[in-house]
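Below, read A as the first sequence line, B as the second, and so on, with proteins coming before strands; counting in each chain starts at 1. From a predicted model like this one, the values you see are computed outputs, not experimental measurements.
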There are 2 protein chains.
Amino acid sequence: MSSDDLPPEPDDGIPPEATDADRFTNARAIRSTALFEDYTELIADLTEEFGEARITDIARRLGVTHPTANKAVLRLKREGLVISRPYRGVFLTEAGAAMAREVKARHRLVVRLLIAVGVPPEAAEMDAEGIEHYVSETTLKAFEVYLDGRQ
Amino acid sequence: MSSDDLPPEPDDGIPPEATDADRFTNARAIRSTALFEDYTELIADLTEEFGEARITDIARRLGVTHPTANKAVLRLKREGLVISRPYRGVFLTEAGAAMAREVKARHRLVVRLLIAVGVPPEAAEMDAEGIEHYVSETTLKAFEVYLDGRQ
DNA sequence: ACGGAAATGTAGCCTGTGCTATATTTCCAA
DNA sequence: TTGGAAATATAGCACAGGCTACATTTCCGT
């Protein structure tokens, strides 16, 4: 009656196939960091554009209210990704900046790949916003190889 | 000081570029339906394998505890995606089955595309679990065209 | 320099999604 | 047939992430 009918293979060091549970657990873990990635990337953009990231601008760009953005920034602060003083702008720490750089690179690569396989640029930008968080290092490397190998 | 410097173009029926906020709002909306998609797909699988989907099996496959699965099933029920009686299995409604079919088709297509661009099958399966929810109809069509045009 | 507008902060609410602990029901084997 | 094991349900906690309403601070123009 159980669905757990994998034969009990000896532990020979070869990693067993990822189970369904592994995949879903992985996806949940990513979902919980996706928001941080969105914020750090956005804060980096705003800092570059305006010299600082204001709560109001963060909120408007994300399409949420200021209190929501403010709470999120508190969490980012707690995680050591940003620093901020009351009534002042928000700035990335080195850790936050590193995350932003990585996220941005991933984002660009995902968009390029989608366009390369024929997705209209508008749709590519839209879908990449969600997809980017779930693209592993392995997949990212494959995207690079694919894009390099075709021009 | 504002980042909202789009000129006030006359409403000529041409859809303006999607703003950052639009993209993030879209991603948030999808995130809230992703769980339903995972559940309906899984319930369809279990029903096919065992004739019914038991809470325990759902929980194990998703890597969560039974109470978590139970609560989620209550929400699915409220949304009209499943029917269930206490201490009995869970079954998809027609709406739930339709969602499951669509999700499964999308999942397969995403995996196929990832593999087609060179992603190792293991990684493709793993990443698809998160990516699939964010792939729009437009992008899906592009994937189909791409895959058809290369075999 | 000061008063109102804009920005920011805070309080408190709701829902979702996870958990543990405990109760209840069902099922199966002796 | 009945008692214990397995499955399911429920209660209650925590936190994330959204909101509105309201308080506070900053900024800017007169």
Using the rule that Ile, Leu, Val, Met, Phe, Trp and Tyr join whenever any side-chain heavy atoms are under 4.5 Å apart, tell me whether A:Met126 and A:Tyr134 fall into a single cluster.
no
Is B:Arg106 salt-bridged to B:Glu102, cutoff N-O under 4.0 Å?
yes
Consider the side chain of [X], meaning its heavy atoms from C-beta on, and name the nucleotide among [options] that approaches it most closely.
X	options	answer
B:Thr68	D:dT26, C:dC19, D:dT8	C:dC19
A:Arg75	C:dG18, D:dA16, D:dT8	D:dA16
A:Pro86	D:dA9, C:dG9, C:dA7	C:dG9
A:Leu35	C:dG9, D:dA7, D:dG18	D:dG18
A:Val64	D:dT8, D:dC19, C:dG9	D:dC19
B:Asn70	D:dT20, D:dT8, C:dT8	D:dT8
B:Tyr87	C:dT24, C:dT17, D:dT20	C:dT24
A:Pro67	D:dA16, D:dT20, C:dC19	D:dT20

Between C1' of C:dA7 and CZ of A:Arg85, the distance in whole Å
15 Å
If the cut-off is 4.0 Å, is B:Arg28 near the phosphate of D:dA16, judged by side-chain N/O to OP1 or OP2?
no
Would you say the base of D:dG18 and the side-chain of A:Lys71 have a donor-acceptor pair closer than 3.5 Å?
yes
Taking any heavy-atom pair under 4.0 Å as a contact, classify A:Thr56: base, sugar-phosphate, or nothing.
sugar-phosphate
